[in-house]
Amino acid sequence: YSYGFNKSDKAKSKCMALVCSLSGLMIYAKDQRTQEILQKNWKTMVLDRRYAAVVEGRLPQTKGTIATLLREDRNRKVWASCNGTGEEAATDYTVLREGRNYSLVELSLHTGKKNQIRAHMEWMKTPIAGDKKYGAQTNPAGRVCLHAYKLCFIHPTTGERLDFSTGIPRIFEDTVV
């Protein structure tokens, strides 16, 4: 999770997970009350989260859903499997473009488990470029190629629907040729 401090009350705020080596949009609570509202109502307040990723290789279909169990080992790595123990997780994917060595993929979460996208891409044998921990063999952009580019949620106090988006990083587009 991403942690921060509100200058006025030093309350620790924890809302949307975003690993430091990744990029994109995130929700940050400005105070303790807002944080509690978001955490309590996360599944109903966050309407859409989409990510763009450059993955090594090609997915078997241009569109699909990955549904597995996820479990974390003692080294804090999350693993996907179809049997055994773990929490259910599902990720939709759409291939936006395929190149010789990489594919540009849009990912959307049904569930929001820790490192879900990273574990699912590794499980599909198409790890996210630059993500050595989850099986990547290459690092064409000098970083993990995962970017949160669309976020839609209900404002915790006004009830207003808020839609945010940012472009897919140019380095992602340039990598998939």
Does one hydrophobic cluster hold both [X] and [Y], with members joined at side-chain heavy-atom distances below 4.5 Å?
X    : Y    : value
L96  : Y102 : yes
V144 : Y93  : yes
V54  : V95  : no
V55  : I168 : no

- Tell me, please, which residues at least two apart from K133 pass side chain to side chain contact (heavy atoms under 4.5 Å, CB included).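 If we apply the side chain to side chain contact (heavy atoms under 4.5 Å, CB included) test to K133, skipping adjacent residues, the hits are K77, R118, D131.
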- Quick one: list whatever passes side chain to side chain contact (heavy atoms under 4.5 Å, CB included) with L162, sequence neighbours left out.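 Checked L162 against side chain to side chain contact (heavy atoms under 4.5 Å, CB included); matches are F153, H155, E160, F164.
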With a 4.5 Å heavy-atom cut-off, do [X] and [Y] have their side chains touching?
X    : Y    : answer
E173 : L104 : yes
V78  : K113 : no
L70  : Q116 : yes
I27  : V46  : yes
Y134 : I128 : no
V105 : T126 : no
L69  : T85  : no
L109 : Y51  : yes

- Message: In terms of relative ring orientation, are W123 and H120 parallel, tilted or perpendicular, with 30° and 60° separating the classes?
- Response: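 Plane angle between 30° and 60°, so tilted.
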Could you measure the distance from the [atom1] atom of [X] to the [atom2] atom of [Y]? Nearest 0.5 Å is fine.
X    : Y    : atom1 : atom2 : result
R50  : T94  : CZ    : OG1   : 8.5 Å
L107 : L146 : CG    : CG    : 7.0 Å
D92  : E106 : CG    : CD    : 9.5 Å
T91  : H110 : OG1   : NE2   : 7.5 Å
D48  : C152 : CG    : SG    : 6.0 Å
E87  : T68  : CD    : OG1   : 11.0 Å

- Using the test side chain to side chain donor-acceptor pair (under 3.5 Å), find all partners of R33 that sit at least two apart in sequence or belong to another chain.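 With neighbours one apart ignored, the set is empty.
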Looking at every non-hydrogen atom in both residues, tell me the closest pair between [X] and [Y] and how far apart they are.
X    : Y    : answer
T111 : A89  : OG1-CA, 3.2 Å
M45  : P156 : CE-CA, 3.2 Å
A129 : P140 : CB-CD, 3.8 Å
S103 : V176 : C-CG2, 3.9 Å
N139 : G130 : OD1-CA, 3.6 Å
L25  : Y149 : CD1-O, 3.6 Å

- Query: According to the salt bridge (Lys or Arg N to Asp or Glu O under 4.0 Å) rule, which pairs have a member within residues 53-66, sequence neighbours left out?
  - Reply: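 As it turns out, the salt bridge (Lys or Arg N to Asp or Glu O under 4.0 Å) pairs with a partner in residues 53-66, which skip direct neighbours, are R58-E98.
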- Message: Taking Q35's backbone N and O only, do any of them form a donor-acceptor pair with D31's side chain (distance below 3.5 Å, no angle check)?
- Response: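 It does not hold such a pair.
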- Message: According to salt bridge (Lys or Arg N to Asp or Glu O under 4.0 Å), who are the partners of E36, at least two apart in sequence or on a separate chain?
- Response: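 Here no residue qualifies.
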- Item | By salt bridge (Lys or Arg N to Asp or Glu O under 4.0 Å) - contacts of R170 (at least two apart) |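 D174.
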